Amino acid sequence: MATAQTALMKMVCINSRYMIAPFSFLIVVLCLLSTSCERKPTPEIPESKAETTLSPDRAENPFAIPAQSEPDTLGESVMAQAIGQVGDSQIEIEYHSPAVRGRAIWGREVPYGQLWVTGSHSATRLTIGAPLLFGGKELPAGKYAIFTIPGRKDWEVIINRDWNQHLTTQYARSKDVLRFTVKPSLQMINQERLRYEVISLGADSGQVTMSWEKVKISIPLSKRATL
């Protein structure tokens, strides 16, 4: 407002000196006052915040391996975890996840007919909070190691009570709790990093899946029937 008043005083001086026509002088004064009154500070525009969207698995469990078809440049295996619930049993799988990285996996990196930790480094660990049927066989609550023997047409799944092992060097068949076979399935899309999932299929049933490269196995889970 002070600026407008200063401008007005200057116009008065100019008018008295140069004898500007009264009508023209009045128009200039009104324009100056109108501009001054209507001018408002420009509102600040808040900075937009980038939204980060995670897949449901990653949002609930940052150690879950996502579906990934693209090649992975990270050379080493990563620690990973899959968790889920079937009936009263909380299920947790802890493992090291290797990547394909352009290699031939089945029959080469993972030989057929040989014991495998079904991951890398330490044996894959399975923890269940309550008894359930694992692969159709009763498994008490506790912590176990998961091994497999991959085959072209059938895989043998082994649950061993010695959960704290490195690779297969400490494996003892005498400590097996369960053994059963499953059929592998061929997937159309590559899974770059070995991935476990615990999937609920209802209140009392579900499955554990392991997928890597284009091969996937599924292990049925169900709540143990009460007598």
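The structure displayed is predicted, hence computed values, not measured ones. Just so you know, residue 1 is the first one in the sequence shown, and it goes up from there.
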Which atom pairs, donor and acceptor, lie under 3.5 Å between side-chain atoms of residues 136-143 and protein residues at least two apart or in another chain?
{"unit_1": "Lys137", "atom_1": "NZ", "unit_2": "Arg179", "atom_2": "O", "d": "2.7"}
{"unit_1": "Glu138", "atom_1": "OE2", "unit_2": "Arg224", "atom_2": "NH1", "d": "2.9"}

Examine Ile146 and Ile105 and state if one hydrophobic cluster contains both, with Ile, Leu, Val, Met, Phe, Trp and Tyr joined whenever side-chain heavy atoms are less than 4.5 Å apart.
yes

Kindly indicate whether the side chain of Thr209, heavy atoms from C-beta on, has any atom under 4.5 Å from the side chain of Ile219.
no

Sequence-distant partners of Ser89, side-chain contact (heavy atoms from CB on, under 4.5 Å), two or more places apart
Ile91, Ile128, Ala130, Leu132

Evaluate the side-chain proximity of Glu213 to Asn190: yes if any heavy-atom separation is below 4.5 Å, no if none is.
yes

Working for side chain to side chain contact (heavy atoms under 4.5 Å, CB included), residues Thr118 and Tyr95
CA-CA 8 Å; Thr118 326; Tyr95 62 104; over 6 Å; no

Please name all residues satisfying side chain to side chain donor-acceptor pair (under 3.5 Å) with Asp204, sequence neighbours left out, ordered by chain then number.
none

Return yes if a side-chain donor-acceptor contact under 3.5 Å exists between Tyr144 and Asp176, otherwise no.
no

Interatomic distance, CD@Glu76 vs OG@Ser97, rounded to 0.5 Å, equals 11.5 Å

For Asp154, give me all partners under side chain to side chain donor-acceptor pair (under 3.5 Å), at least two apart in sequence or on another chain.
Lys183

Go through the steps for Tyr112 and Ile149 under the test side chain to side chain contact (heavy atoms under 4.5 Å, CB included), then give the verdict.
CA-CA 7 Å; Tyr112 290 125; Ile149 301 177; over 6 Å; no

Does Thr148 use its side chain to pair, donor to acceptor, with the backbone of Pro150 at less than 3.5 Å?
no

Give a yes or no on whether Tyr171 and Leu178 share a hydrophobic cluster (residues Ile, Leu, Val, Met, Phe, Trp, Tyr; joining criterion: side-chain heavy atoms under 4.5 Å apart).
yes

Salt bridge (charged side-chain N to carboxylate O under 4.0 Å, His left out) pairs touching residues 83-102, sequence neighbours excluded, are Asp88-Lys223

Pair Val215-Trp106, side chain to side chain contact (heavy atoms under 4.5 Å, CB included): steps then yes or no:
CA-CA 9 Å; Val215 170; Trp106 310 113; 3.2 Å; yes

Give a yes or no on whether Val117 and Leu115 share a hydrophobic cluster (residues Ile, Leu, Val, Met, Phe, Trp, Tyr; joining criterion: side-chain heavy atoms under 4.5 Å apart).
yes

Rounded to the nearest 0.5 Å, how far apart are CD1 of Ile189 and CD of Gln187?
8.5 Å

Side chains of Trp155 and Phe180: does their closest heavy-atom pair fall under 4.5 Å?
no

Measure the spacing between CG of Leu201 and OG of Ser222 and express it to the nearest 0.5 Å.
10.5 Å

Carefully, step by step, assess Ile65 and Gln191 under the rule side chain to side chain contact (heavy atoms under 4.5 Å, CB included).
CA-CA 10 Å; Ile65 297 295; Gln191 172 59 36; 4.0 Å; yes

Rounded to the nearest 0.5 Å, how far apart are CD of Gln85 and CG of Leu221?
11.5 Å

Check whether any side-chain heavy atom of Met210 sits under 4.5 Å from a side-chain heavy atom of Thr124, and report yes or no.
no

Answer yes if Phe134 and Trp163 sit in the same cluster of Ile, Leu, Val, Met, Phe, Trp and Tyr residues linked by side chain heavy atoms under 4.5 Å apart, and no otherwise.
no

Partners of Pro98 by side-chain contact (heavy atoms from CB on, under 4.5 Å), sequence neighbours excluded?
Ser77, Ser120, Leu194, Trp212

Hey, are Asn160 and Gln165 close enough side-chain-wise for a donor-acceptor pair under 3.5 Å?
yes

Under 3.5 Å: donor-acceptor pair, side chain of Gln114, backbone of Val110
no

Val86 and Val177: same hydrophobic cluster, using ILVMFWY side-chain contacts below 4.5 Å?
yes

Ser211 side, atom OG; Arg195 side, atom CZ - distance, nearest 0.5 Å:
6.0 Å

In short, His166 meets Gln170 closest at the heavy-atom pair N-OE1, 3.0 Å

Side-chain donor or acceptor of Ser185 paired with backbone N/O of Lys216 under 3.5 Å
yes

Is the closest side-chain heavy-atom distance between Arg193 and Asp72 below 4.5 Å?
yes

